[in-house]
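Numbered from 1 within each chain, the chains take letters A, B, ... in sequence-line order.
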Amino acid sequence: MTETRISRRFAAVAAQGRPALVTFVMAGDPDFDTALSIVSALPAAGADVIEIGMPFSDPMADGPAIQAAGLRALHGGQTLVKTIELVRRFRAADAETPIVLMGYYNPIYVYGPERFLTDAKAAGVDGLIVVDLPPEADDELCTPALAAGLNFIRLATPTTDDHRLPRVLANTSGFVYYVSITGITGAAKPDAARVAEAVGRIKRHTSLPVAVGFGVRDAETAREIGRNADGVVVGSAIVQAIAGSLVDGKASPATVAAVTTLVADLARGVAAARAAE
Amino acid sequence: MTTMPNSLRNGPDERGFFGLYGGRFVAETLMPLILELEQAYDDARKDPAFKAELASLSTHYAGRPSALYYAERLTEHCRALTGGKFGAEIWFKREELNHTGSHKINNCLGQILLARRMGKTRIIAETGAGQHGVASATVSARFGLPCVVYMGATDVERQKPNVFRMKLLGAEVNPVTSGAGTLKDAMNEALRDWVTNVADTYYLIGTAAGPHPYPAMVRDFQSVIGTETKEQFHAAKGRLPDAVIACIGGGSNAIGLFHPFLDDPEVAIYGVEAGGHGVDVPNGHAASMTGGRPGVLHGNRTYLLQDGDGQILEGHSISAGLDYPGVGPEHSWLKDTGRVTYVPATDKEALDAFVLCSKLEGIIPALEPSHALAHVLKLAPTMDKDKSIVLCLSGRGDKDVFSVAGYLGETMSEM
């Protein structure tokens with residue numbers, strides 16, 4: 001694939017000698033307008049790449065924090081149509097920050113994969129992460145997504161061994177998302193040494209940037225993990241900051257600031273990742 | 001050009017698909033485990049020692065073969081409705097007589113032997129009504145493996161006797177509060193456990209759904225139902241039955257009964273889904289094939305109850321074992337090919353059948369097969385007297401007596 005917003009952003013960040021900060025928020029959490037305000041505030045707070053969750057009723061790979069975020073969004077009336085609209089509104093004001101939609105296959109399948117790819121691309125989406133589409137299912141969405149000019153970002157995990165890794169990487173583009181633990185989002189804190197070893201292993205098989213996520217909750221962990229990774233993904237901690245700012249389940253004046261404060265702190269963590277010990 | 005396959009019994013294909021349905025829609029963390037399981041199962045099914053051990057346990061531990069029983073008084077009841085002119089013979093394949101009281105033990109024995117063969121040391125399972133949870137706890141006790149059962153908090157409340165049974169058998173029962181706290185949420189939580197504990201844990205799925213190879217494997221372990229039925233009916237009548245019928249939640253007892261008959265076109269096959277308050281009542285039923293559409297959940301593509309945005313609906317049924325919003329992928333394929341006729345039966349029809357069977361046959365059926373019996377009561381009077389229907393009586397109703405008492409307006413103190 002030719003140059004994309006994602007490849008340009010990772011290259012630019014690498015040139016600054018630091019890993020990228022990849023932030024996750026759930027579309028429509030706690031409501032459409034607040035989510036749009038949060039996403040719009042992320043680049044200035046220090047997010048280099050934005051993952052936007054497509055809420056799903058049955059998020060099998062997610063822990064309690066992201067499950068709750070998805071339910072808040074769904075109760076607020078979020079749909080895939082509105083998620084694409086959220087990206088379109090964001091993109092109208094920000095032409096460069098890469099947007100990756102992340103979620104599960106069923107809402108896309110029901111929307112219609114071809115129509116989804118067309119609408120997502122037109123709205124300014126750059127890449128997709130679909131948790132329950134392994135390489136064995138590439139004909140469902142990955143191959144058409146690549147043809148439509150969207151990056152398809154695959155998850156590699158501690159169970160993806162050297163034998164399987166080439167298959168996982170074959171159609172991956174944009175970056176590789178290394179899942180630092182066996183488990184669900186927001187669970188155990190990753191072991192930085194083991195993650196470094198795994199990232200090294202993946203980089204022997206690909207020239208794509210490798211971002212690491214699952215269990216990165218604070219600036220210090222972001223700094224540790226970012227020493228060897230090209231990107232650090234933070235999700236559960238951010239949606240928990242949103243949850244903690246709500247009053248009676250609704251957005252409060254503190255909601256956007258709760259996110260930007262945390263993200264700014266995380267950004268300081270990744271900025272210090274390559275600093276001399 | 002597409003043609004009908006020579007046999008309907010050859011699925012799935014090497015990628016785990018029955019036509020459009022099935023597949024392996026799982027997170028990457030689980031993918032190597034699924035592939036390992038597929039290989040282990042392929043090896044086991046070809047191993048005479050594995051088959052021999054399963055057969056021995058089926059006989060001496062589970063009590064197989066289960067009886068094939070002519071339900072004479074129900075047959076007479078249906079004939080009386082037609083003035084004695086019509087009324088097929090009604091036969092029961094009595095899976096409720098198995099150890100643990102349902103067909104679930106057939107699959108659990110097969111999978112526990114596979115888990116042991118794979119060197120796994122911890123068993124997890126999901127359960128709705130608790131029948132599969134009890135069967136999983138039972139085989140785990142028998143083989144000395146720790147067992148964790150995920151059960152929706154709502155189901156824990158309405159199936160207390162089975163919760164206690166599982167605990168008595170040494171299992172840990174984890175109530176699941178996410179979502180609506182029913183079977184699909186229990187399955188989500190079991191998948192989250194599995195993805196976390198990949199090294200030592202075996203996920204013992206209870207129905208013919210989930211990622212490949214589960215739908216085919218569970219079907220194979222349950223096909224003993226149909227295979228025995230064929231032999232027993234032939235011994236009794238010297239021919240094939242004219243119709244076979246079973247209830248469908250995920251559909252494991254049904255596919256077990258149906259599969260050996262798929263290539264016998266003279267045998268009509270009926271699957272009965274939970275019609276709840278009626279299939280026209282929004283979210284008031286659990287008839288995923290009658291009232292749903294194809295989607296992807298829990299590792300496979302199949303008919304699902306879902307809204308226009310692809311969010312999964314909860315479904316409703318009087319029976320905790322049938323209120324799953326999906327169905328095994330092979331059933332979805334058999335629906336589309338037209339080989340099996342899938343129909344709904346409502347809560348009320350199932351309850352009436354439950355009561356009638358208890359009074360006329362002295363057999364208290366579970367609420368799940370009471371749905372299939374409700375359809376038998378519609379079907380039998382339309383068939384000639386020299387025809388026969390075999391119903392899979394998949395479980396016994398002891399677990400349901402408290403909730404049925406409630407529906408009938410009786411009060412009972414709980415155990």
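- Using a 4.5 Å cut-off between heavy atoms, B:L313 does not touch chain A at all.
- A salt bridge links A:D230 to A:K203: one of the charged nitrogens lies within less than 4.0 Å of a carboxylate oxygen.
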Which atom pairs, one donor and one acceptor, sit under 3.5 Å between chain A and chain B?
{"unit_1": "A:P55", "atom_1": "O", "unit_2": "B:Q311", "atom_2": "NE2", "d": "3.1"}
{"unit_1": "A:S57", "atom_1": "N", "unit_2": "B:Q311", "atom_2": "OE1", "d": "2.7"}
{"unit_1": "A:S57", "atom_1": "OG", "unit_2": "B:I312", "atom_2": "N", "d": "2.8"}
{"unit_1": "A:D58", "atom_1": "OD1", "unit_2": "B:K184", "atom_2": "NZ", "d": "3.1"}
{"unit_1": "A:D58", "atom_1": "OD2", "unit_2": "B:K184", "atom_2": "NZ", "d": "2.7"}
{"unit_1": "A:D58", "atom_1": "OD2", "unit_2": "B:N188", "atom_2": "ND2", "d": "2.8"}
{"unit_1": "A:P59", "atom_1": "O", "unit_2": "B:R192", "atom_2": "NE", "d": "3.4"}
{"unit_1": "A:P59", "atom_1": "O", "unit_2": "B:R192", "atom_2": "NH2", "d": "2.8"}
{"unit_1": "A:D62", "atom_1": "O", "unit_2": "B:R192", "atom_2": "NE", "d": "2.9"}
{"unit_1": "A:L80", "atom_1": "N", "unit_2": "B:D309", "atom_2": "OD1", "d": "2.9"}
{"unit_1": "A:N106", "atom_1": "OD1", "unit_2": "B:V296", "atom_2": "N", "d": "2.7"}
{"unit_1": "A:N106", "atom_1": "ND2", "unit_2": "B:Q306", "atom_2": "OE1", "d": "2.8"}
{"unit_1": "A:N106", "atom_1": "ND2", "unit_2": "B:G310", "atom_2": "O", "d": "2.8"}
{"unit_1": "A:E136", "atom_1": "O", "unit_2": "B:R15", "atom_2": "NH2", "d": "3.2"}
{"unit_1": "A:D139", "atom_1": "OD1", "unit_2": "B:R15", "atom_2": "NH2", "d": "3.4"}
{"unit_1": "A:E140", "atom_1": "OE1", "unit_2": "B:R301", "atom_2": "NH1", "d": "3.0"}
{"unit_1": "A:E140", "atom_1": "OE2", "unit_2": "B:R301", "atom_2": "NH1", "d": "3.4"}
{"unit_1": "A:E140", "atom_1": "OE2", "unit_2": "B:R301", "atom_2": "NH2", "d": "2.6"}
{"unit_1": "A:T159", "atom_1": "OG1", "unit_2": "B:T29", "atom_2": "O", "d": "2.9"}
{"unit_1": "A:T160", "atom_1": "OG1", "unit_2": "B:E28", "atom_2": "OE2", "d": "3.0"}
{"unit_1": "A:R164", "atom_1": "NE", "unit_2": "B:E28", "atom_2": "OE2", "d": "2.7"}
{"unit_1": "A:R164", "atom_1": "NH2", "unit_2": "B:E28", "atom_2": "OE1", "d": "3.0"}
{"unit_1": "A:T182", "atom_1": "OG1", "unit_2": "B:T196", "atom_2": "O", "d": "3.3"}
{"unit_1": "A:G183", "atom_1": "N", "unit_2": "B:V195", "atom_2": "O", "d": "3.1"}

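- Neither the backbone nor the side chain of A:V130 comes within less than 4.5 Å of any heavy atom of chain B.
- Side-chain contact between A:F214 and A:I184 is absent, with no heavy atoms from C-beta onward closer than 4.5 Å.
- Side-chain atoms of A:N151 do not come within 3.5 Å of backbone N or O of A:I153 as any donor-acceptor pair.
- Per-residue heavy-atom pair counts under 4.5 Å with chain A were compared for B:A199, B:G16, B:P294, B:A190, and the maximum is reached by B:P294.
- With a 4.5 angstrom heavy-atom cutoff, A:P55 touches chain B only via backbone atoms.
- Contact count versus chain A (heavy atoms, under 4.5 Å) is highest, among B:G23, B:G299, B:G308, B:A27, for B:A27.
- Atom CZ of A:F32 is separated from atom OG1 of A:T34 by 10.5 Å, given to the nearest 0.5 angstrom.
- There is no contact between A:I108 and chain B, counting heavy-atom distances below 4.5 Å.
- Neither the backbone nor the side chain of B:P211 comes within contact range of chain A, judged by heavy atoms closer than 4.5 Å.
- Listed by chain and number, the residues in a side chain to side chain contact (heavy atoms under 4.5 Å, CB included) with A:A237 are A:R217, A:V234, A:L262 (sequence neighbours excluded).
- Contact annotation: the side chain of B:V327 approaches that of B:I248 to within less than 4.5 Å [non-hydrogen atoms, C-beta and beyond].
- Side-chain contact between A:I129 and A:F152 is absent, with no heavy-atom pair separated by less than 4.5 Å.
- Tested against A:V87 for a side chain to side chain contact (heavy atoms under 4.5 Å, CB included), the candidates A:L36, A:D126, A:I99, A:V39 yield a single pass: A:I99.
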Check: Does the pair A:L86 and A:I52 meet the rule for a side chain to side chain contact (heavy atoms under 4.5 Å, CB included), with working shown?
Finding: CA-CA 9 Å; A:L86 191 150; A:I52 298 180; 3.9 Å; yes
